[in-house]
Amino acid sequence: MVPEAWRSGLVSTGRVVGVLLLLGALNKASTVIHYEILEEREKGFAVGNVVANLGLDLGSLSARRLRVVSGASRRFFEVNRETGEMFVNDRLDREELCGTLPSCTVTLELVVENPLELFSVEVVIQDINDNNPAFPTQEMKLEISEAVAPGTRFPLESAHDPDVGSNSLQTYELSRNEYFALRVQTREDSTKYAELVLERALDREREPSLQLVLTALDGGTPALSASLPIHITVLDANDNAPVFNQSLYRARVLEDAPSGTRVVQVLATDLDEGPNGEIIYSFGSHNRAGVRELFALDLVTGMLTIKGRLDFEDTKLHEIYIQAKDKGASPEGAHCKVLVEVVDVNDNAPEITVTSVYSPVPEDAPLGTVIALLSVTDLDAGENGLVTCEVPAGLPFSLTSSLKNYFTLKTSADLDRETVPEYNLSITARDAGTPSLSALTIVRVQVSDINDNPPQSSQSSYDVYIEENNLPGAPILNLSVWDPDAPQNARLSFFLLEQGAETGLVGRYFTINRDNGIVSSLVPLDYEDRREFELTAHISDGGTPVLATNISVNIFVTDRNDNAPQVLYPRPGGSSVEMLPRGTSAGHLVSRVVGWDADAGHNAWLSYSLLGAPNQSLFAIGLHTGQISTARPVQDTDSPRQTLTVLIKDNGEPSLSTTATLTVSVTEDSPEARAEFPSGSAPREQNKNLTFYLLLSLILVSVGFVVTVFGVIIFKVYKWKQSRDLYRAPVSSLYRTPGPSLHADAVRGGLMSPHLYHQVYLTTDSRRSDPLLKKPGAASPLASRQNTLRSCDPVFYRQVLGAESAPPGQQAPPNTDWRFSQAQRPGTSGSQNGDDTGTWPNNQFDTEMLQAMILASASEAADGSSTLGGGAGTMGLSARYGPQFTLQHVPDYRQNVYIPGSNATLTNAAGKRDGKAPAGGNGNKKKSGKKEKK
């Protein structure tokens, strides 16, 4: 029985005191606490107060990050940091954790930081009676010969109970009968099995079969049980049973032995002859589950071989039961046991578990700073399970062992984030087996930055040359500065400072982006105003303390040719007249033109040239001096008044220039001659002539406009009269048989509204009859044209839609007959612009006039009297579209009907199918529809 203290999960006071005294005598790093708890405790059940048992400060648990570290995949226990109690975190099933081991202990570690300490905790899981015994089969059948002597034993199926200790299987019971008794035996591993012992000879003639019940009981309170029905069939006599040469066989085999490896050969003999003496070997019924998957038995020879993969870490000793039976009518059986010991080999590599990592590590961390705690496990035994760990040489880290299979990773040299910002440490764990096995894990250690580097630049000063009249706000310099520290410490801030006593340059002329160091000008610079600026760029980082760097920035403004030359003499806007006596010889200095340019350098070099003069041969001007002198003697035939225009041009790129005007009066060297042509008389006369010409142009334009308006009005009246005569034409018979039906479409310009397009079905004699059918039309002329001409003749289709068009469903080659030249296209005098594809004019007015003339000519051609203005074959088109436009360039549309001025335009077949009313029609249109219906 388990004491009540253990059932409640608490440790006795004496045991805890003893453990604490023992721990006090040991080093803190090797402290081990023991607890005991029953399995299947509910989640949250308190195991014990680890803080009190370890002597830790309860108030500092959160800061020291107390946590439970276990190598298992499931976390069965956790610690409450507020109370220090360790409690159950997951279901505890002793049979799942430890199987059939008599003692079940869960080992885990408690880790606290600041400083880093490790404590070991062992929790003993005690068994409770939570499993019933179970038989491997639902029913057992035995065949026993009646010749079997009393005292013969028959092995029975063994029950299995996962519980251990007193809760495991304790005994078997047999139902009451007069032939058999039950004998319970104990194996070497303390497990029990039952044998059926014959106490009275069987008589098949009296009872051919027997029904017994075997009951398995465990030692729990209350006891749990399982029952197995036993069906016994009594056979006729086979009086000799097989006998093994030994009842126990022993063998050793390596755990990595391949399948088919021989383990041991059992041997049994039978004194009977014939089939009763032939023996067949098989596994007995007492074997544990899994034996048949690991081993194979030859039925004839009794050779036991390996079938599956053995595992020393799983089972170190296999107990196998083998039975031998003869082939008699009533087979007799014998049993033996084989003990197979599994020899360990180094087949398990170490496993590394990183339980705690301190990352990132400051680059100024002192030597010996703990980085990580590692635990290493190896499932192998003996030397195969001894493990050592190592890190690569040349790195500033080392490994030390504080406990068995626990290693601490520490710094062994100074760190520098700017040199190596991150380490991926390859930690190798190697066991002592032969051959040695190893495991590798990567521990990532990041080095955090401290602000130990000021901003750096590729140069200590910058000389910037910028052309004047620059665009305000445009960048003029990008400072190349960087900081090797981490992003926060390397976050740079840029400032502009002024050098010397002069102030106001930064805010007035320049600015700098505080984030990227781009220097920009605030205003356009003027070379003529200021040519040089001296500034200082102050760059500071974002670390603590702040580090800064200063860089000199010298900005030089370069000149560009942005100033045109200015005339100093003669004074612009003033009247300057130079007197030149008639008869003056060549080379006489008349005057001098003086210019000035505000630019500098070659942009200010001026050159003079004579741009305009009444007599180019009379005067000459110095290229660089601007002096005007006579090139020849002044003659009597020279005009008495000379107006000279001088071009003053600088040497910039592009060159800028200005002009100066100088008047030279050729005199007879008397005051009367000087006053002969007073200044300003000639311009007045020119102004009078200009006024006359302007009045004349205005009168001509007005007359032309009035003539054009009258012409348009007359033409419109003519069109209206033609359409009225067409409707009033006599009809021979209202119910006459119509001629061949033509589906014609009105071809109009593209400027009319879509609701004005209609279709009409007419006959070839439609001039003297009403339309047969009128329906609303399509949304666009192009769709109407294509739907209308879908069943027309291909030639007619191309004539209407263009030379490159073809009827739907046909692939026709291009027709060049409809391509007009530039002079032959419809338009005013054949001069309308367009491409060479033979399309209709884009102007709606020209299109309507052309269609009206084609219609009139077609009507008269039916009567043989086509006289629509112009000669034969022209249809009156040459009068408007030029003599080149004749009938040979126009398709024959005399069977197409177009009614100018009428709202009832033609529609296509789509309108007939849709049967929709015209959209957006006006009142005149409705009246026209009524007239057609009448």
Side-chain angles (χ1 to χ4, degrees), residues 6 8-11 19 29-54 56 58 60-99 101 103-114 116-128 130 162 313-314 348 350-359 370 372-379 387 402-409 427 429 439 441-444:
W6 295 120
S8 61
L10 300 176
V11 182
V19 171
S30 59
T31 302
V32 180
I33 307 174
H34 296 274
Y35 294 101
E36 293 184 3
I37 185 174
L38 296 177
E39 67 172 335
E40 301 294 341
R41 280 296 185 184
E42 66 275 10
K43 187 175 181 179
F45 180 83
V47 178
N49 194 313
V50 296
V51 175
N53 296 338
L54 293 175
L56 299 177
L58 182 62
S60 63
L61 287 185
S62 298
R64 298 190 66 184
R65 298 178 59 191
L66 173 63
R67 60 189 181 276
V68 177
V69 178
S70 176
S73 59
R74 294 164 56 187
R75 302 175 66 88
F76 295 101
F77 300 94
E78 287 291 347
V79 175
N80 189 331
R81 296 182 182 178
E82 296 180 0
T83 62
E85 292 283 342
M86 186 173 72
F87 59 92
V88 177
N89 188 52
D90 200 352
R91 177 176 177 267
L92 294 173
D93 188 357
R94 196 206 66 81
E95 289 75 21
E96 180 183 355
L97 292 174
C98 303
L101 295 178
S103 176
C104 183
T105 303
V106 176
T107 302
L108 47 93
E109 287 74 35
L110 299 178
V111 179
V112 294
E113 298 180 357
N114 300 322
L116 182 65
E117 292 182 312
L118 180 68
F119 304 94
S120 183
V121 178
E122 291 184 359
V123 180
V124 178
I125 309 300
Q126 293 184 345
D127 181 63
I128 62 174
D130 59 340
E313 290 72 26
D314 183 25
N348 291 282
E351 295 180 1
I352 304 175
T353 304
V354 181
T355 59
S356 178
V357 177
Y358 175 45
S359 179
V370 176
L373 182 66
L374 298 90
S375 64
V376 183
T377 58
D378 194 327
L379 299 179
V387 182
S402 56
L403 290 173
K404 179 183 179 181
N405 294 337
Y406 281 90
F407 297 86
T408 303
L409 180 65
I427 299 178
T441 188
I442 304 298
V443 177
R444 182 183 179 188

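Between S375 and Y406 the shortest heavy-atom distance is CB-CE2, 3.3 Å. Between V51 and G84, the shortest heavy-atom contact is CG2-CA, 3.3 Å. Among all heavy-atom pairs drawn from V387 and A429, the shortest one is CG1-CB, 3.9 Å. P350 and A439 get closest at one heavy-atom pair: O-CB, 2.9 Å.
Side-chain contact between I125 and I37: present, with at least one pair of heavy atoms (C-beta onward) separated by less than 4.5 Å. You'll find the side chain of L403 stays beyond 4.5 Å of the side chain of E109, heavy atoms only. In this structure the side chain of L56 reaches within 4.5 angstrom of the side chain of F119, judged on heavy atoms. V50 is listed as a side-chain neighbour of Y35, based on a closest heavy-atom distance under 4.5 Å. Contact check for F77 versus V121: no side-chain heavy atoms found under the 4.5 Å cut-off.
Annotation: salt bridge (Lys or Arg N to Asp or Glu O under 4.0 Å) contacts of E113 (sequence neighbours excluded): R65, R67. By the salt bridge (Lys or Arg N to Asp or Glu O under 4.0 Å) test, D90 pairs with R74, sequence neighbours left out. Legend: residues meeting side chain to side chain donor-acceptor pair (under 3.5 Å) with R64, ordered by chain and number and at least two apart, are E117. Considering only residues two or more places apart in sequence or on other chains, N348 meets the side chain to side chain donor-acceptor pair (under 3.5 Å) condition with E313, D380. Partners of E40 by side chain to side chain donor-acceptor pair (under 3.5 Å), not counting sequence neighbours, listed by chain and number: R91.
Paired with T355 under the rule side-chain contact (heavy atoms from CB on, under 4.5 Å), one option of L118, V69, L374 passes, and it is V69.
In this structure, CG in D93 is found 5.5 Å from CD in E39, a value given to the nearest 0.5 Å. Atom CG of N53 is separated from atom CD1 of I33 by 5.5 Å, given to the nearest 0.5 angstrom. To the nearest 0.5 Å, the span separating CD on E122 from OG1 on T107 amounts to 4.5 Å. Remark: L110 CG to S120 OG distance equals 8.5 Å, nearest 0.5 Å. Taking CD from E95 and CG from D130, the interatomic distance works out to 5.0 Å, rounded to the nearest 0.5 Å. The CG atom of L116 sits 12.0 Å away from atom OH of Y358, with the distance rounded to the nearest 0.5 Å.
Every pair passing salt bridge (Lys or Arg N to Asp or Glu O under 4.0 Å) that includes a residue from residues 77-89 is listed here, sequence neighbours excluded: R75-E78.
At least one donor-acceptor pair closer than 3.5 Å links the side chain of N49 to the backbone N or O of T83.
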